[in-house]
Novice: 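What follows is a single structure, and I will ask about it in a moment.
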Amino acid sequence: MKRTLLAVLITVAAAIALVAGVVLFVVYTGVYNVAATTSHAGITNWALNTLQHSSVSRRAKDIDGAAPADSAALAAGFHHFHAMCVQCHGAPGFGRGELGQGMAPTPPRLEEEAHEWTDPELFWITKHGIRLAGMPAFGPTHSDEDIWGIVGFTRALETMTEEDYAELVRARTAAMEEGGEEAAGGHSHAPGTAPHSH
Ligand code: HEC
């Protein structure tokens with residue numbers, strides 16, 4: 001009995017030492033390729049996607065609220081979306097910008113994938129970001145009201161044509177030519193920008 005227990009303990013200790021050895025080997029030798037020009041292996045992709053979904057849905061469960069559909073919220077949402085999301089995710093009639101093209105995992109087209117998430121989940125992702133994937137958090141710089149506007153606009157994207165989106169861009173450009181960026185509701189976000197609502 002004692003001998004069996006000892007054998008089990010030795011086996012467990014050897015297994016732990018082996019795992020620790022492999023982890024240290026990978027961490028210190030640089031054999032793991034961190035390049036964004038290489039995609040994750042299939043199993044890593046599966047694990048990361050499943051982890052993202054379960055983590056987001058657990059945390060968004062207690063959020064009350066729904067994507068607004070009124071025109072003021074959607075207009076504000078569009079200005080933020082066009083200033084901060086298009087360069088990575090693209091939009092109807094717009095390809096991903098250089099930022100989005102260089103990322104792994106590739107930022108998904110939201111007009112195609114947003115339906116996989118509930119409104120509170122979209123809110124949570126936009127507010128908190130996804131650390132493992134490189135999706136930025138907009139909560140540190142934007143009010144909840146701004147973020148709900150972005151969620152409303154993300155939902156509206158699902159049924160938007162390229163022409164609809166182009167029309168919004170034309171109106172935004174015209175407003176900016178007349179009254180500057182603030183007049184269009186869009187604005188650049190310098191490092192250190194405090195939470196604000198406009
Ligand atoms: C710097 C690039 C970048 C910017 C800017 C960006 N995102 Fe993302 N986003 C990502 C990446 C990368 C992912 C994760 C992709 C993955 O895991 O497959 C992601 C994931 C998401 C997801 C989850 C989609 C899914 O099905 O996995 C949502 C929703 C989202 N972003 C919304 C937004 C919104 C709204 C904005 C603008 C306010 C924005 N993102 C700005 C890179 C970006």
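Counting starts at 1 for both ligands and their atoms, in listed order.
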Novice: Near ligand 1, which protein residues have a heavy atom under 4.0 Å away?
Specialist: Q52, M84, C85, C88, H89, M103, P105, T106, P107, P108, L110, E113, W117, L122, I125, T126, A133, M135, P136, F138, I150

Novice: With sequence neighbours excluded, what pairs up with E111 under the side chain to side chain donor-acceptor pair (under 3.5 Å) test?
Specialist: R109

Novice: If the condition is side chain to side chain donor-acceptor pair (under 3.5 Å), which residues does E167 pass it with, not counting sequence neighbours?
Specialist: R170

Novice: So, S55 versus R59: side-chain donor-acceptor pair below 3.5 Å or not?
Specialist: yes

Novice: Whether the side chain of E121 engages the backbone of T118 through a donor-acceptor N/O pair (distance < 3.5 Å, no angle test) should be reported.
Specialist: yes

Novice: Is there a donor-acceptor pair closer than 3.5 Å between any side-chain N or O of D164 and the backbone N or O of T161?
Specialist: yes

Novice: So, using ring-ring contact (aromatic ring centres under 6.0 Å, His included) as the criterion, who are the partners of H40 when residues are at least two apart?
Specialist: none

